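A quick write-up on the structure given underneath.
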2 protein chains.
Amino acid sequence: MAATLRDVADLAGVSFKTVSNVVNGYPHIRPATREKVERAIDELGYKPNLSARSLRSGRTGAIALAVPELNLSYFAELAGFVIAAAERADLVTLVEQTGGDRARELALLQSPRLRMTDGLILDPLGMRPEDAAALDVPFPLVVLGERTSDWPSDHVTMRNVDATRAGTEYLIASGRRRIAVIGEHEDEVIGSARLRLRGYREALEAHGIDYDERIVARAALWHRADGARAMRELLDRGAEFDAVFGFNDTLALGAMRVLQEAGLRVPEDVAVLGFDDLDEAAYSIPSLTTVDPGREWIARTAVETLLERIGRGGAELPPRTKLADFRIVERESAPRA
Amino acid sequence: MAATLRDVADLAGVSFKTVSNVVNGYPHIRPATREKVERAIDELGYKPNLSARSLRSGRTGAIALAVPELNLSYFAELAGFVIAAAERADLVTLVEQTGGDRARELALLQSPRLRMTDGLILDPLGMRPEDAAALDVPFPLVVLGERTSDWPSDHVTMRNVDATRAGTEYLIASGRRRIAVIGEHEDEVIGSARLRLRGYREALEAHGIDYDERIVARAALWHRADGARAMRELLDRGAEFDAVFGFNDTLALGAMRVLQEAGLRVPEDVAVLGFDDLDEAAYSIPSLTTVDPGREWIARTAVETLLERIGRGGAELPPRTKLADFRIVERESAPRA
DNA sequence: TCGCGATCCTACAACGATGCATATCGCCGG
DNA sequence: CCGGCGATATGCATCGTTGTAGGATCGCGA
């Protein structure tokens, strides 16, 4: 059996409370006592029982991160950054996958699985504006992704609209006029897909280019295969375009693959722009020009924001929204001008 | 404040232990009582306090997974599978990143951070054979990656040697003779890098091909950038080869990128073979022929194996080794024959 | 009517830690 | 020489749950 405070106390010849004080860095302890206790701790290999500690203290030292799936590189890289940021604050991270499914996202917010954590960072894909009430939970919550005005929680997110507007304008500035889009979600109201489409349309409008539904392709999920499928559809129906804006890098990479299979040259015939700046975007052939939405900043800030709320206990802070800066990373698939 | 068993009991007019019995599915409860209790639970939104439960029961309902980093797609996809498998067994998964660093791997095995879990699945990259003692831990442990004979824990792993031998033979069968390798770790004794090199050498030997150090390139980490760097080195020093075996897909993809920058055609001039069968291997240009080492099976089996040990409590099972089947996935970068 | 087992429910004591209140000591200033 | 204060160590209650043991209630046969 694992050693407890009592065992250590017996060995060191002090009360178990004193051991607790040593472990917790209580200042008023004579060096001699401290040393005796520490020796006993080492000898027994004592490790505090975290269940007991958190039962008593109300803190678990863990946070939860819920993303659609780690199989999508964007979320994997995001998760990596979140875990690293949490670790710096001495927190462990529990990762949940929702599949981007609304029902599972909502279920998770109710689930007792989270009672083991001090708070949740949620990246919802399926939730709708009317789900605001579900976000009114009795634990600290930071939502990643754009907020609607009445969502009650903290938000840390990217400038979806601004970034896609800038991306689209980048393509326009390089001389493209027929810019296809891959990744639309038609039944969505506030998700990234919808916001990115809005940015795209704003840019077109600002430059007097008509919006043409025929070159806007859906993709329910954002895997490579979905991008490939969408591009095949566009090609099959004979759509005309001189650029493609994939609403994320994996879509763009899947699409780029199909373009080249079809004998089209990138970027000569069709420029390709992605979104996310995944590690792999720098190593595709051709390398992928993309929008870096500030993923690492988002991860770090999400953890910080959650910690602020955890720190305050119940003290009410108003819901805050924090926005990352973005930038366009120019590579081969869509050269500037 | 969150509701407790007592609150529910008061509302339902029963003892708090009865509520506990209802929650835990104890069979001998009158339907009327059960219903009363359930109504009270709903009304108060009662959720069991997992810290208290696990303090009392000794089980936490969580497992830990330690991988080098989620930024590497292989580990991200593996983590996704592990989390999914754990969820099916009603376990949550806590993810740690070790950076593949020996010191951090060893530290993790001692860390109180794990006391919050029922067991650990560890994918060590930096540990050495002499670290066997560190694996003798007082909690259930499953190690991913090849075992040395005296490591005391369960192992679930891939057939590194067999798979690379088969991969190398596949290239040989397709007519290649100068097969470069990317990903060697010279200071390693038992890691995947060393084992894969062994498989490679066995295949060469079996076919009477001399091993040539000049076409074996190191890569300490296995990112795309490392593969690219290694390939640049090979090219710079004028190495001659007609195939490249990347010891994982990201290395192979990085290398393939550099090959094509250098004006070499894949597969005509140089065939490229990867290892892992990542999602993205199917969408590169050209698509990547690769060895599928049975990642999903490994994830599922690791969780099952850990659960068996958790179930037994302290009961001694001998350490077991379970090996996944592999297969070669033929794509464009290295066509068969 | 009583006895007896099955069924249903309850009381109490843990699990291992922390917070608070309190004891003990030595030392200083008045 | 005493009161009081800071430094050090302790004891007890408590967090919310489950395990164990035992008390109440019921139906049914004798």
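So that the names make sense, note that chain A is the first sequence line, chain B the second, and so on, each numbered from 1. For clarity, every value in this text was computed on a predicted model and none was experimentally measured.
Considering every non-hydrogen atom in both B:Leu125 and B:Pro68, the closest pair reads CD2-CG, 3.7 Å.
B:Ala79 meets the side-chain contact (heavy atoms from CB on, under 4.5 Å) test with A:Leu70, B:Leu65, B:Leu70; sequence neighbours excluded. With sequence neighbours left out, the side-chain hydrogen bond (donor to acceptor under 3.5 Å, both in side chains) criterion links B:Arg295 to B:Glu77. For A:Tyr26, the ring pair (Phe, Tyr, Trp, His ring centres under 6.0 Å) criterion is met by A:His28, not counting sequence neighbours.
Near DNA chain C, meaning a heavy atom under 4.0 Å from it, residues 18-38 of chain B has B:Thr18, B:Asn21, B:Tyr26, B:His28, B:Ile29, B:Arg30, B:Thr33 in order of number. Against DNA chain C, the stretch residues 51-61 of chain B makes heavy-atom approaches under 4.0 Å through B:Leu55, B:Arg56.
Taking 4.0 angstrom as the limit, A:Ser15 places a side-chain polar atom (N or O) nearer than this to OP1 or OP2 of D:dT10.
Regarding A:Leu5, its CG atom lies at a distance of 12 Å from the P atom of C:dG19, rounded to whole Å. Look at CZ on A:Arg6: it is 13 Å from P on C:dT18, rounded to the nearest Å. Atoms CG (A:Asn49) and P (C:dA14) sit 17 Å apart, rounded to a whole Å.
Each of A:Phe16 and B:Gly13 was assigned the nucleotide of DNA chain C with the nearest heavy atom; the assignment lying further toward the 5' end belongs to B:Gly13.
In this structure, B:Asn49 contributes its side chain and B:Ala52 its backbone to a donor-acceptor pair below 3.5 Å. Looking only at distances, no side-chain donor or acceptor of A:Glu105 sits under 3.5 Å from a matching main-chain atom of A:Pro124. With hydrogens and angles disregarded, a donor-acceptor distance shorter than 3.5 Å links the side chain of B:Gln97 to the backbone of A:Gly80.
For a distance-only test at 3.5 Å, the side chain of B:Lys17 qualifies as a donor-acceptor partner of the base of D:dG19.
Residue pairs that meet the salt bridge (charged side-chain N to carboxylate O under 4.0 Å, His left out) test with at least one member in residues 11-35 of chain B, sequence neighbours left out, are B:Glu35-B:Arg39.
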